[in-house]
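Heads up, the thing below is written out as C-alpha cells.
Positions are given from 1 along the sequence.
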Amino acid sequence: MKYLLLCFLLIYNFSFSQDVIINTSNIKQDKATLFSLSGEKLIFIDTLLQAQNIFKCKPPHPGIYKLVFSKKNSISFFFDNSDLQIEIDTSYNSTFVNSKENNDAINFLKLNKEYSTKSELLRFVITNYTDKDDYLQITQNKLNEVQENYLNFLNVVSQKDSKSFVARYIKSSQLPIVQNSISNEDYLLKLKTHALDNINFQDEELIYSNVFTNKTIEYLSYFKNPQLPLPLLEKEFEIAIDSVLNKARVNAIVYKHIVEYLLDGFKNFGFDNILNYIVKNYVINDDLCLDEKLTAALDRRIQQAKFFKNGIKVPDIVFANSLESGFSLNNINAEKTLIIFYASWCPHCQTLLPQINDIYKNQTKKTFEVLAISLDTVQNDWINYINKNNYQWLNVSDFQGWNGKAASDYYIYATPTLFLIDKNKNLISIIAGIEELKSYL
C-alpha cells in the first residue's frame with residue numbers, strides 16, 4: 001500500500017511539474033544565471049548549466065524572471081505556473097512557443113507605450129485647439145478609438161484567463177483612462193484621484209514583478225512640480241505617499257514591499273524629510289520589519305524616531321577631553337538647551353549654525369543655551385572653524401566622528417541634527433529648521 005502511494009505521488013509530481021526550457025542552439029553558452037524580479041531588484045534564484053543546447057529550470061513561483069548569460073546578453077520572461085518553451089536567436093531575441101501569457105505581456109507593454117504616446121498627443125490637440133470644427137471632432141473620435149482599443153485589450157483579450165499571473169499583472173498595470181474633454185487641471189486632478197483604482201493591492205504575488213513600484217513612481221509623478229520650493233514639493237509627495245500606502249495596507253506583504261521601495265528611492269535622491277515622514281508614520285507606527293540591507297542604511301534614523309519622542313528624558317552627554325573639560329549635559333542649568341550635532345565640513349551646517357548664532361548672541365535675556373557637538377575627527381579643523389565663526393556657546397568633540405558615544409546614544413544619522421530640551425533634560429522637540437527653532441524660542 002505504501003509502495004502504491006509513493007508511486008502515485010511520484011506520478012502526480014511528474015505530471016504537474018512546470019518546466020521552463022530555453023533552447024540555445026543558436027548561441028554558445030555554458031551557463032546562465034536566473035533571477036526573479038521584485039520591484040526594481042533582481043533576486044538570485046539559481047545558476048543554470050547548459051545541456052545539449054538547452055537550459056532548464058523550475059521557477060519557484062509565478063512572476064517575471066530574467067535569465068542572464070553575460071553583462072550584455074539576457075532575456076526576460078513571465079512564468080505563470082505552466083510549462084514554457086523559449087527559443088533564442090543569435091541576437092538573444094526570444095520567441096515564446098505556445099505561450100499566450102508571454103505574448104499577451106509583450107503586446108501589453110507595446111500597447112501601453114503606444115497608448116501613452118498617442119493619447120498624450122491627441123489630448124494636447126484637443127485641449128489647445130480652439131476652433132470647434134471638423135478637425136477637432138476627428139481628433140476626439142480618434143482619441144475615443146485609441147481608448148476603446150486599449151480597453152478592449154485590457155478587459156477582453158488579456159482576461160480570457162483572468163486568474164493567470166499575466167492577466168492580473170496587466171489589470172493592475174494599466175494606465176488610467178480619463179475623459180478627453182476636460183481641462184489639464186481637471187485631468188491632473190482625476191489622475192490624482194483615480195490612478196490607483198485598478199491596482200489590486202491584495203495580490204501579493206504581484207510583488208514578483210514591477211507592478212507596484214512602477215505604479216507608485218507613476219503616481220508620484222503626478223505630484224511632482226519643479227516650480228514648487230522644496231518644502232512644498234515635499235508636502236505634495238507626502239500626500240501621494242499617504243494615498244499609496246493607505247491603500248497598500250490591505251496586504252502586509254505588499255505594504256512592506258512598497259514602503260521599502262519608497263525608502264530606498266527617497267534615500268537615493270536625498271529627500272531626508274520624506275524619509276523621516278515615512279519612518280515615523282509608517283515604519284514605526286506599524287512596526288514594520290524591513291529588509292536587512294535597507295535597515296542597515298536607515299537603522300539610526302529609525303531608532304532615533306522610535307526612542308526620541310517629545311517628553312522623554314535625553315541621555316546625559318559627557319566629554320572628558322574637549323574645550324569644555326569634564327563637561328556633562330546634566331550640569332547645564334538653562335531653561336532650554338539646544339543640542340546641535342554638526343561637522344565643520346557639512347555645507348548645511350555652515351549655513352544653519354551662523355543663523356542660530358545670531359539668535360544666541362542677540363538674546364536680551366538668556367533664555368537658552370547651545371551645546372554644539374562636532375563630529376569632526378581632525379582637531380585643528382574643528383578649532384579653526386569655531387574660531388573663524390566666533391562661536392561662544394558650549395563647544396565639545398571627542399574626534400570620533402559618527403562612532404562617538406554621544407553620536408551613538410542620540411542615533412545621529414545626518415548633520416546638522418538639533419534637539420531642544422528643557423531644564424529637566426526632557427526633549428521638547430527635534431528641530432527641523434531655523435523657523436521651527438524660532439517658534440520654540
### Task
Could you pull out all residues at least two apart from Phe223 that satisfy ring pair (Phe, Tyr, Trp, His ring centres under 6.0 Å)?
Tyr219

### Thr337 OG1 to Lys425 NZ distance, which is reported to the nearest 0.5 Å
5.5 Å

### Query
Do you see a donor-acceptor pair shorter than 3.5 Å between the side chains of Asn273 and Glu234?
yes

### Message
If only side-chain N and O atoms count, and only distance matters, is there a donor-acceptor pair under 3.5 Å linking Gln363 with Thr367?
### Response
yes

### Message
Under a plain distance cut-off of 3.5 Å, with no hydrogens placed, do Tyr150 and Asn112 share a side-chain donor-acceptor pair?
### Response
yes

### Task
Might you confirm whether atom CG of Asn285 has over 12 heavy atoms from other residues, nucleotides or ligands at distances under 6.0 Å?
yes

### Message
With a 4.0 Å cut-off on N to O distance, would you call Lys192 and Glu236 a salt bridge?
### Response
yes

### Query
Do you see a donor-acceptor pair shorter than 3.5 Å between the side chains of Asn251 and Glu204?
yes

### Task
Scan side-chain atoms only and decide if Ser162 and Arg168 contain a donor-acceptor pair under the 3.5 Å cut-off.
no

### Message
Walk me through whether Ile339 and Ile421 qualify under side-chain contact (heavy atoms from CB on, under 4.5 Å).
### Response
CA-CA 8 Å; Ile339 305 171; Ile421 63 174; 4.0 Å; yes

### Task
Using only heavy-atom distances, determine whether the side chains of Ser70 and Asn73 contain a donor-acceptor pair under 3.5 Å.
yes

### Distance (rounded to the nearest 0.5 Å) between Thr127 OG1 and Tyr187 OH
9.0 Å

### Query
Will you find, in the side chains of Ser344 and Asp376, an N or O donor that is under 3.5 Å from an N or O acceptor?
yes

### Task
Step by step, work out the salt bridge (Lys or Arg N to Asp or Glu O under 4.0 Å) result for Glu120 and Arg123.
CA-CA 5 Å; Glu120 187 176 333; Arg123 266 197 52 80; over 6 Å; no

### Query
Do Trp393 and Asn395 have side-chain N/O donor and acceptor atoms under 3.5 Å apart?
yes

### Under the ring pair (Phe, Tyr, Trp, His ring centres under 6.0 Å) test, residues paired with Tyr92 that sit two or more places apart
Phe69

#### Entry: Rounded distance (nearest 0.5 Å) linking atom CD1 of Ile386 with atom OG of Ser397
8.0 Å

### Query
So how far is it from Asn149 CG to Lys118 NZ, rounded to the nearest 0.5 Å?
8.5 Å

### Query
Does the separation of the ring centres of Phe237 and Phe266 fall below 6.0 angstrom?
yes

### Query
Taking 4.0 angstrom as the limit, do Lys336 and Asp422 come out as a salt bridge?
no

### Query
In terms of side-chain geometry, is the basic nitrogen of Glu145 or Lys142 positioned less than 4.0 Å from the acidic oxygen of its partner?
yes

### Query
Will you find, in the side chains of Glu369 and Tyr360, an N or O donor that is under 3.5 Å from an N or O acceptor?
yes

### Task
Taking only Lys NZ, Arg NE, NH1 and NH2, and the carboxylate oxygens of Asp or Glu, determine whether Lys58 and Asp46 approach each other closer than 4.0 Å.
no

### Query
So, are Asp286 and Arg249 salt-bridged, with charged N and O less than 4.0 Å apart?
yes

### Query
Is the gap between the ring centers of Tyr391 and Tyr385 under 6.0 Å?
yes

### Phe419 ring center near Phe308 ring center (under 6.0 Å)
yes

### Query
For Asp242, does its backbone N or O pair with a side-chain atom of Lys247 as donor and acceptor, under 3.5 Å?
no

### Message
When you compare the side chains of Lys171 and Asn155, does any donor N or O come within less than 3.5 Å of an acceptor on the partner?
### Response
yes

#### Entry: Distance-only side-chain donor-acceptor flag, Ser82 / Asp80, under 3.5 Å
no

### Task
Give a yes-or-no answer on whether the side chains of Gln140 and Asn144 include a donor-acceptor pair shorter than 3.5 Å.
no

